[in-house]
Amino acid sequence: MELNLSKLITEGRNPNTMNIDCVSTDEMIKMINEEDKKVALAVENEISNIARAVDAIAEKLREGGRLIYMGAGTSGRIGILDASECPPTYGTDPSMVQGLIAGGQSAILKAVEGAEDDGPRGVQDLKDINFNIKDVVVGIAASGRTPYVVSALEYANDMGAITIGVSCNPNSDLAEASQISIAPIVGPEVVTGSTRMKAATAQKMVLNMLSTGVMIKLGKVYQNLMVDMQASNLKLVERAIRIVIQATDISRKEAEEVLKETEYDVKLAILMIESKLSKEDARKLLDVNHGYIRKALTNI
């Protein structure tokens with residue numbers, strides 16, 4: 001079957017970079033930089049859709065659901081990257097946010113040709129993780145046509161689950177299959193069709209907003225501090241100490257003492273200091289307020 005890419009904006013030729021192969025290195029990099037500047041503005045145009053998606057995901061995660069990213073190639077790797085960073089940053093269970101990629105785990109490091117065209121595999125990958133109506137699936141595809149992703153979203157729709165699509169072409173198959181479509185239009189790439197550039201950058205920005213926004217909604221950020229982080233190495237232990245100091249304005253020695261008492265539970269340490277409650281009472285207060293420090297402090 002012939003595939004017509006001519007209608008895809010992401011596959012168009014960029015008139016601003018037609019001579020990129022014969023300019024100085026300095027000019028080459030300036031061209032790339034000028035095109036990259038357009039990405040944030042394209043994402044800005046999708047703020048209302050991104051906000052809708054954050055609210056929808058947060059509601060399902062509160063109910064015990066999961067966030068599932070799905071993509072092929074670069075898009076799949078971006079989803080896996082975002083998912084893998086949630087546990088250390090926000091203390092989430094690894095199952096809460098997951099990334100699926102066409103071609104399976106081996107495709108993370110090496111391209112698996114043809115995997116993106118396997119629609120039934122996308123459906124099966126959801127079945128293999130027992131995807132259900134409480135979960136949310138975010139399909140990621142620069143082109144907006146990837147069968148692996150589109151078929152999975154159609155399956156999720158039939159189940160009654162929430163579906164979100166992230167693409168860089170308007171009116172795409174992915175948009176049609178999504179209950180919420182996020183489509184930052186970044187225009188043609190610097191190198192024609194190299195969607196690992198502007199399109200991938202836009203997708204990464206959107207996923208940053210989705211996961212960060214959701215974690216804020218779930219009470220995993222106090223002020224602008226990541227209070228559910230896991231102090232799993234020396235750098236993160238130091239970060240935990242700094243966060244407690246920044247949140248409470250106490251001395252380093254005091255912060256270290258309380259963190260040791262809580263076994264480096266940053267959120268609990270902050271609440272103990274701010275509320276002057278014992279560890280046991282502070283933990284109970286956090287539980288009653290579903291892990292939200294601000295709510296806990298107002299309900300003492």
When you look at Thr195 and Ser143, which way does the side-chain contact (heavy atoms from CB on, under 4.5 Å) test go after all the steps? CA-CA 9 Å; Thr195 52; Ser143 66; over 6 Å; no
With no hydrogens and no angle check, is any side-chain donor or acceptor of Asn157 less than 3.5 Å from a backbone partner on Ala177? yes
Nearest heavy-atom pair of Phe131 and Ala156: which atoms, and what distance? CE2-CB, 3.6 Å
Is there side-chain contact between Ser181 and Gln179, with heavy atoms separated by less than 4.5 Å? no
With sequence neighbours excluded, tell me which residues meet side-chain contact (heavy atoms from CB on, under 4.5 Å) with Pro170. Ile9, Ile185
Closest approach of Ile250 and Ala255, non-hydrogen atoms and distance? CD1-N, 3.5 Å
Would you say that Val288 contacts Asn299 through its side chain, given a criterion of any heavy-atom pair below 4.5 Å between the two side chains? no
For Ala72, does its backbone N or O pair with a side-chain atom of Arg77 as donor and acceptor, under 3.5 Å? no
Could you point out which residue of Asn45, Ile47, Ile50 forms a side chain to side chain contact (heavy atoms under 4.5 Å, CB included) with Ile182? Ile50
Residues two or more places apart in sequence or in another chain: which of them pass side chain to side chain donor-acceptor pair (under 3.5 Å) with Asp93? Ser95
Side-chain heavy-atom pair Ile20, Met18 within 4.5 angstrom cut-off: no
To the nearest 0.5 Å, what is the distance between CG on Asn14 and CE on Met197? 10.0 Å
Evaluate Val166 against Tyr69 for side-chain contact (heavy atoms from CB on, under 4.5 Å), listing each step before the verdict. CA-CA 10 Å; Val166 181; Tyr69 292 127; over 6 Å; no
Any Asn289 side-chain heavy atom under 4.5 Å of Leu286 side chain: no
Which residue pairs pass the salt bridge (charged side-chain N to carboxylate O under 4.0 Å, His left out) test with at least one member in residues 267-282, sequence neighbours excluded? Asp228-Lys267
If two hydrophobic side chains count as joined below 4.5 Å and joins carry through other members, does Met159 share a cluster with Leu126? yes
Between Val150 and Ile162, is there shared hydrophobic-cluster membership here, with clusters defined by ILVMFWY side-chain heavy atoms closer than 4.5 Å? no
Asp287: side-chain contact (heavy atoms from CB on, under 4.5 Å) partners, not counting sequence neighbours: Arg283
Mind listing the side-chain donor-acceptor pairs of residues 234-247 below 3.5 Å, one per line with the distance, residues two or more places apart or on another chain?
{"unit_1": "Glu238", "atom_1": "OE1", "unit_2": "Arg252", "atom_2": "NH2", "d": "2.7"}
{"unit_1": "Glu238", "atom_1": "OE2", "unit_2": "Arg252", "atom_2": "NH1", "d": "2.9"}

Got a list of side-chain donor-acceptor pairs under 3.5 Å for residues 132-142, not counting sequence neighbours?
{"unit_1": "Asn132", "atom_1": "OD1", "unit_2": "Lys134", "atom_2": "N", "d": "2.9"}
{"unit_1": "Asn132", "atom_1": "ND2", "unit_2": "Asn130", "atom_2": "O", "d": "3.3"}
{"unit_1": "Asn132", "atom_1": "ND2", "unit_2": "Asp135", "atom_2": "OD2", "d": "3.3"}
{"unit_1": "Asp135", "atom_1": "OD1", "unit_2": "Arg66", "atom_2": "N", "d": "2.8"}
{"unit_1": "Asp135", "atom_1": "OD1", "unit_2": "Arg66", "atom_2": "NE", "d": "3.3"}
{"unit_1": "Asp135", "atom_1": "OD2", "unit_2": "Arg66", "atom_2": "NE", "d": "3.3"}
{"unit_1": "Asp135", "atom_1": "OD2", "unit_2": "Arg66", "atom_2": "NH2", "d": "2.7"}
{"unit_1": "Asp135", "atom_1": "OD2", "unit_2": "Asn132", "atom_2": "N", "d": "3.0"}

For the hydrophobic clusters of this structure (ILVMFWY residues joined by side-chain heavy atoms under 4.5 Å, transitively), does one cluster hold both Leu100 and Ile80? no
For the backbone of Leu81 and the side chain of Ser84, can you confirm whether one donor and one acceptor N or O come within less than 3.5 Å of each other? yes
Spatial distance of atom NZ (Lys110) from atom OG (Ser106) [nearest 0.5 Å]: 9.0 Å
List the atom of Arg145, the atom of Asp117, and the distance in Å for their closest heavy-atom pair. NH2-OD1, 3.7 Å
side-chain contact (heavy atoms from CB on, under 4.5 Å) for Glu116 and Arg121? Distances and angles first, verdict last. CA-CA 9 Å; Glu116 70 175 61; Arg121 185 68 251 177; over 6 Å; no
Contact check, side chains of Ser178 and Ile164, non-hydrogen atoms, under 4.5 Å: no
Do you know the tightest heavy-atom contact between Ala202 and Val186? CB-CG1, 3.8 Å
Atom OG1 in Thr248, atom CE in Met272: separation rounded to 0.5 Å? 11.5 Å
What pairs with Lys260 under side-chain contact (heavy atoms from CB on, under 4.5 Å), at least two apart in sequence or on another chain? Tyr264
Over all atoms of both residues, closest heavy-atom pair of Val97 and Cys86: CG2-SG, 4.0 Å
Lys37: which residues meet the side chain to side chain donor-acceptor pair (under 3.5 Å) condition with it, sequence neighbours left out? Glu34
Within one Ile-Leu-Val-Met-Phe-Trp-Tyr cluster: Val149 and Ile57, side-chain cutoff 4.5 Å: no
Is it true that a side-chain atom of Ser167 and a backbone atom of Gly144 form a donor plus acceptor pair closer than 3.5 Å? no
If you define the side chain from C-beta out and look only at heavy atoms, does anything of Leu218 sit under 4.5 Å from Met215? yes
Going from OG1 on Thr17 to CD1 on Ile32, what distance comes out if it is rounded to the nearest 0.5 angstrom? 9.0 Å
I'd like to know whether Ser251 forms a side-chain hydrogen bond (donor to acceptor under 3.5 Å, both in side chains) with Glu254, so could you lay out the CA-CA distance, the side-chain angles of the two residues, the decisive distance to 0.1 Å, and finally the verdict. CA-CA 5 Å; Ser251 70; Glu254 290 172 302; 3.0 Å; yes
Do the side chain of Thr262 and the main chain of Leu259 share a donor and acceptor less than 3.5 angstrom apart? yes
Salt bridge (charged side-chain N to carboxylate O under 4.0 Å, His left out) partners of residues 151-178, not counting sequence neighbours, each pair once: none
Report yes if some heavy atom in the side chain of Ile78 is under 4.5 Å from a heavy atom in the side chain of Met205; otherwise report no. no
So side chain to side chain donor-acceptor pair (under 3.5 Å) across residues 198-213, not counting sequence neighbours, yields Glu35-Lys198, Ser75-Gln203, Asp82-Ser211, Lys204-Asn208
On a heavy-atom basis, the closest approach of Pro87 and Pro94 is CG-CA, 4.0 Å
Cluster link Leu67 to Met209, ILVMFWY, side chain under 4.5 Å: yes
Please list all pairs passing the salt bridge (charged side-chain N to carboxylate O under 4.0 Å, His left out) test where one or both residues lie in residues 45-62, with sequence neighbours left out. Asp55-Lys217, Lys60-Glu63
By side-chain contact (heavy atoms from CB on, under 4.5 Å), Ser48 pairs with (sequence neighbours left out) none
Check each of Val221, Ile270, Leu268 against Ile293 using the side chain to side chain contact (heavy atoms under 4.5 Å, CB included) test, and report the only one that passes. Ile270
Is Asn171 atom CG crowded by more than 12 heavy atoms from other residues, nucleotides or ligands, each under 6.0 Å away? no
How far apart are the C-alpha atoms of Leu285 and Leu277, what are their side-chain angles, what is the distance that settles it, and do they pass the side-chain contact (heavy atoms from CB on, under 4.5 Å) test? CA-CA 9 Å; Leu285 187 62; Leu277 292 172; 3.8 Å; yes
Please tell me if the side chains of Glu85 and Tyr90 come closer than 4.5 Å, counting only heavy atoms from C-beta onward. no
